[in-house]
Amino acid sequence: MDKAYIPKNIEKELYNFWNKNGFFKPSKRKYKKNFCIVMPPPNITGNLHMGHAFQHTIMDILVRYNRMQGKNTLWQVGLDHAGIATQMIVEKNILKKKKKNIFEYGVKKFIHTIWKWKKKSEKKIYNQMRRLGDSVFWENKIFTLDKNFSKSVKKIFNNLYKDNLIYKRKKISNWDIKLQTVISDLEVKYKDISGKIFYIKYPLLSYINKTQNFCKYIIIGTTRPETLLGDVAIAVNPKDVRYKKFIGEYVVVPLVNRVIPIIIDKLANIDKGTGCVKITPAHDLNDYKVGLRHKLPMINFMKNNGTVRNKAKIYDFNGIITTCYSSYIPKELHGYDRLIARKKIIKKIKKINLFHSSSKHIIHLPYGDRSNSIIEPMLTNQWYLNVGLLSKKAIQVVKNGNISFIPKNYEKMFFSWMKNINDWCISRQLWWGHRIPIWYDSIFNVYVGSNEKIIRKKYNIPNKIILKKENDVLDTWFSSSLWTFVSLGWLENTKIFNMFHPTNILVSGFDIIFFWISKMIMMTLYIIKDDNYISNIPFKKIYITGLIGDDEGNKMSKSKGNVVDPLDLIDGITFNDLIKKRVKNITNKNKIEKIFLNTKKIFPNGISPMGADALRLSFAKLSSNNRYIHWNINVVESCRNFCTKLWNASIFILMQTSKKYYKFDQLSLKNSILDLWISIKFNILVKKYKKYLKQYRFDLLAQILNKFFRNNFCDWYLELSKSIIINDKLKKYNVRNTMLFILESFLRLAHPIIPFITEYIWQKIKKLMFIKRKTIMLESIPKTIKITESLNSQKKNLKNISFLKKIIICLRKMRLYINFKKNFLIPIFLKIENPEIFLFFSKYNFFLKKIAYIKSITILKTDDLVPFSIVQSIDQVQLFIPVLGVMTIKKEIIRLKMSIKKMILKIMYIKKKLINSSFMRFAPIIVIKKQKKQLIEFEQELSKLLQQLKIICKFNVNKFY
RNA sequence: GGGUGAUUAGCUCAGUUGGUAGAGCGCCUCCUUUACACGGAGGAUGUCGGCGGUUCAAUUCCGUCAUUACCCACCA
């Protein structure tokens, strides 16, 4: 092994070794148990970010663990075409490079360019996965627009259509003007913007008729005056006394002179605006509902690009064109963007004296999540999936516990959302995606099928009738919702599908529970039935991870310039390169300055290479139940340090065990006090390891592995074993056996989290242990070590070693107090009350001599005179170290007094309890016993402390004062 | 407005079937002893968000308030 741990030198090679040997492949043989995870397919829009790396780590830990448990294991990998996101990013690219928008560029060319983009992205993303160590089944990788995937999508669309679950309807929906597509509610994000509210006078019709003089109005507040072009009613609250008298009357809409009724509806809020609200069903989500309630017509005045039409389109409440109103729109508004039209309208209204006032107002504006443009609710014809029944079934399987969330509290979120779910709008006006498998003839009859040929045959349509394919594509989440079964080969009914579906666990962020997880559950329940026609679930468990933010808790985003690329953590990056990456595409100078300062603060010297193992270990450590994870480089550093420690300890063990005269022999694993101790500790580790894995507590898992290896194995076992190797020639074989054995077992325990370094070291030591198998990946998770000693003697062993540790720690402490140099050998004197401990000392004093640099140990009788010393007592032993010098003594007196004070407080606390009659009456006997025992211990301790103080003070007084 | 979580050491977070609390990082002191300074040894640090209730006992259970984060709804 190289002297220094440099992850770069080992990781890539090991990954190739695993992959080439097919270790990631599931077997086609029948196994007792199967284990499968389907990876949430990353979008092809860009690289994997920290969140991906985090989730992949969790998945790989589970996959590797289960593989090592001897299960037939599959981690399914693939990519998502990500409709809107990809189309946007490529569109932007084309605009930048070719100065053309996509309409100028052309559909065919555009699609071709996206495929090229996909190829590039795929390469990058898959490379990242390899660097992270993802043990995925590469041969089965799949893309959501692959031919087979498309076939499945079409087939499922057909089934849903046949079952009357899919319908097309004109409804109001969120329209993205920039992308010119409908988007779902979930893709709309709200922002608070300071804007204006305008108050406009709507003349009352009855008054006009009477006096020909506009002097009575109803005043309406609106932030979107242009929508008056689509007004069909004014609503007031039934409880609002101010407007009671006007109910049933009519007003005239300014500019278009449309006569519309005043109606009552609970939507009108007495406290908001003027209390009456204009109703524009074609351009407002709430008004749409009011329109349906009151069977009002819908007037659409806006084109899909957000400009004002020349003539309004008028529909009845069912969406059927009517002529109940004039389609007149003032000429001077034609063709203008709705925001410009707004200004023009205000101007004109002022002119005709119908303007009342305006005021500043904070508006909660809807924006497209992707395009970042203001969303206009619009009447459009879209395809919907009826999810009424599907959602109920999905709620059932979670309620039954067939699917469970980890952590559990996400179930509440899931239920409340699923209960209020609307029908799913599955069509999008995009080019990149699955075309909806629908054909129309010239009179808009609808035909469903997977291609035109089949449809003509099926419906017996002659060739002279022209069929036109639906232009819309399906929402990305439609194909994603089929991911678990289609990716496994549902269409072809493959062996793999039959073996591994339903999958075991889905690992995902909470941000896509509604987008994706809920839909997967619904679709799978609908499509997949077992032999008894019982619906199948897509996965048994859902592990929800937190989202990774920067160390202040902000989301990592390119525009904030706080992104950390997982590959940069693995390979390292200089400060300058990091800055370059972070300010790329950012033009605002202040922002650049800010990013620079922030980066300087957190990564003053860039990032040094950490390696994939350290990164993975850090993710495991951070994976608590928290929703937001404050990610910090320090954690990765401490994890890298752990890997280095593992590396160095292995070098030491290799040094010890690759000697010519030594041969590993597992049978001679005889338990000396030390070997027995580490075996017991190891067994505790294994038990906890399994427990935490069962609970999906990877943070605790990482913690106990670290604790065992550092605090037990390195700090005590290896250190103490040195004295055996030096001193006891008979036992050194056993010690070498044990250290090798424990190391090898530990490597297997740690492998799922830190696969590279464990494999590397394992390859080095396997020869020494005569292991012929190829890889640690396919070894088994270690079981507890069989210990022949009785439980009692195990307990005793733990006690003895902990006693030994106490003495050593105490000696070290005293040494520091006295300011002895570390390697200055000191004589110590002991007074021992307990004969058992006396025995212990005579047996194991060589440990002390080596590790605590003791020159000699003299055991005194109770009455023997003691040289001038500072004293410590541990259990039933008094420990004396002879000293000279005033300062030490003074220091020691202060320390002792402090300890005495603390001890007295502790004793008081317990005594108070024991005096309390209620406590004695009601507390369980065990608790009382425990407290009593503790009191005795504390009191003993106190008396010893007092005695020490006495001795020291005496010494102090006699000698110097 | 409806909902869900969080509040524990300077920071990031664990924990307790109720019996005065832990880790990592940071900080202080000492040590370059042949596995390891990406190390070792030792140390300091907390009215466990406030108030009230249940209980012999509350950081833990219940109520309430405060702060904070997020989810859903919301363009008068």
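In what follows, every chain begins at residue 1, and chains take the letters A, B, ... in the order their sequences are listed. All values below were derived from every heavy atom in this structure, side-chain atoms included, with hydrogens, water molecules and symmetry-related copies excluded. As the structure is a prediction and not an experimental result, all values here were calculated from the model.
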Sugar-phosphate only, base, or nothing, as touched by Ala4(A) at under 4.0 Å among non-hydrogen atoms: nothing
Side-chain donor-acceptor contact under 3.5 Å, Asp185(A) with Asn174(A): yes
Glu226(A)/Lys343(A) salt bridge by N-O under 4.0 Å criterion: no
Watson-Crick and G-U pairing of RNA chain B, under 3.5 Å, as dot-bracket with | and [ ]: (((((((..((((.....[..)))).(((((.......))))).....(((((..]....))))))))))))....
Sugar-phosphate only, base, or nothing, as touched by Leu914(A) at under 4.0 Å among non-hydrogen atoms: nothing
Distance-only donor-acceptor test, Gln931(A) side-chain atoms vs A57(B) base atoms, 3.5 Å: no
Sugar-phosphate only, base, or nothing, as touched by Cys643(A) at under 4.0 Å among non-hydrogen atoms: nothing
Sugar-phosphate only, base, or nothing, as touched by Ile809(A) at under 4.0 Å among non-hydrogen atoms: sugar-phosphate
Whole-Å distance separating the NE2 atom of His283(A) from the C1' atom of C75(B): 14 Å
Nucleotide nearest Lys645(A) when distance is taken to its side chain, options A35(B), A23(B), G19(B): A35(B)
Nearest listed nucleotide, side chain of Lys412(A), among A35(B), C74(B), G5(B): G5(B)
Lys272(A), nearest nucleotide to its side chain (from G19(B), C36(B), C74(B)): C74(B)
Distance, C1' atom - from G46(B) to U34(B), rounded to whole angstrom: 42 Å
Donor-acceptor contacts, no H, no angles, side chain residues 914-936 of chain A, under 3.5 Å, sequence neighbours left out:
unit_1: Asn916(A); atom_1: OD1; unit_2: Ser918(A); atom_2: N; d: 2.9
unit_1: Asn916(A); atom_1: OD1; unit_2: Phe919(A); atom_2: N; d: 3.4

Sugar-phosphate, base or nothing in reach of Ile375(A), heavy atoms under 4.0 Å: base
Inter-nucleotide P distance (G49(B), C11(B)), Å rounded: 14 Å
Phosphate contact (G24(B) OP1 or OP2) by Arg710(A) side-chain N/O below 4.0 Å: no
Sugar-phosphate only, base, or nothing, as touched by Tyr199(A) at under 4.0 Å among non-hydrogen atoms: nothing
Between P of C74(B) and NZ of Lys289(A), the distance in whole Å: 6 Å
Minimum side-chain heavy-atom gap Ile704(A)-Lys691(A) below 4.5 Å: no
Length of the line joining Leu646(A):CG and C36(B):P, which is rounded to integer Å: 15 Å
Ring pair (Phe, Tyr, Trp, His ring centres under 6.0 Å) partner of Phe746(A), the single match among Phe709(A), Tyr717(A), Tyr689(A): Phe709(A)
Mutual orientation of the aromatic rings belonging to His356(A) and Tyr199(A) [parallel < 30°, tilted 30-60°, perpendicular > 60°]: perpendicular
Any Lys722(A) side-chain nitrogen or oxygen under 4.0 Å from OP1 or OP2 of A35(B): yes
Sugar-phosphate, base or nothing in reach of Asn634(A), heavy atoms under 4.0 Å: sugar-phosphate
Euclidean distance, atom CD1 of residue Ile362(A) to atom C1' of C74(B) [Å, nearest integer]: 15 Å
Phosphate contact (A69(B) OP1 or OP2) by Tyr628(A) side-chain N/O below 4.0 Å: no
Closest nucleotide among G43(B), C75(B), C74(B) to the Lys813(A) side chain: G43(B)
Closest to side chain of Thr223(A), choosing from A14(B), C56(B), C75(B): C75(B)
Geometric cation-pi criterion, Lys191(A) with Tyr367(A): 6.0 Å, 45°: yes
Distance-only polar pair, side chains of Ser623(A) and Arg697(A), donor-acceptor under 3.5 Å: no
Closest nucleotide among C36(B), G42(B), C74(B) to the Arg812(A) side chain: G42(B)
Selection from G5(B), C36(B), C56(B) that lies nearest to any side-chain heavy atom of Lys3(A): C36(B)
Between P of C75(B) and CD1 of Ile363(A), the distance in whole Å: 11 Å
Any Thr223(A) side-chain heavy atom under 4.5 Å of Phe198(A) side chain: no
Test salt bridge (Lys or Arg N to Asp or Glu O under 4.0 Å) applied to Lys278(A) and Asp231(A), Asp287(A), Asp284(A), the passing residue: Asp231(A)
Sugar-phosphate, base or nothing in reach of Asn632(A), heavy atoms under 4.0 Å: nothing
Between A69(B) (C1') and Asn409(A) (CG): distance, integer Å: 14 Å
Exercise: identify the closest heavy-atom pair between Val188(A) and Pro366(A): CG1-CB, 3.5 Å
Sugar-phosphate only, base, or nothing, as touched by His364(A) at under 4.0 Å among non-hydrogen atoms: base
Distance-only polar pair, side chains of Ser373(A) and Asp176(A), donor-acceptor under 3.5 Å: yes
Spacing of the P atoms in U59(B) and A21(B) (rounded, Å): 11 Å
Atom C1', compared across U20(B) and A57(B): separation rounded to whole Å: 11 Å
Atom-to-atom span, CG of Leu720(A) to P of G40(B) - whole angstrom: 15 Å
Spacing between Asn711(A) atom CG and G39(B) atom C1', to the nearest angstrom: 14 Å
Separation between the C1' atoms of U33(B) and G26(B), rounded to whole Å: 27 Å
Closest to the Pro366(A) side chain, choosing from A73(B), C75(B), C56(B): C75(B)
P gap between U68(B) and U12(B), integer Å: 16 Å
Selected nucleotide, minimal atom distance to His630(A) side chain, candidates U12(B), G19(B), C38(B): U12(B)
RNA chain B: 5'-proximal contact among Ala649(A) and Ser918(A) (nearest heavy atom): Ala649(A)
Closest-nucleotide ordering on RNA chain B, the 5'-leading residue of Met655(A) and Val927(A): Val927(A)
Touch class at under 4.0 angstrom, heavy-atom based, for Leu365(A) against every strand present: base
Sugar-phosphate only, base, or nothing, as touched by Asp511(A) at under 4.0 Å among non-hydrogen atoms: nothing
Separation between the C1' atoms of G53(B) and U60(B), rounded to whole Å: 15 Å
Rounded distance in Å between the P positions of G22(B) and U16(B): 14 Å
Sugar-phosphate, base or nothing in reach of Arg921(A), heavy atoms under 4.0 Å: nothing
Among C56(B), C74(B), C36(B), the nucleotide that comes nearest once only the side chain of Asn286(A) is considered: C74(B)
Touch class at under 4.0 angstrom, heavy-atom based, for Tyr410(A) against every strand present: nothing
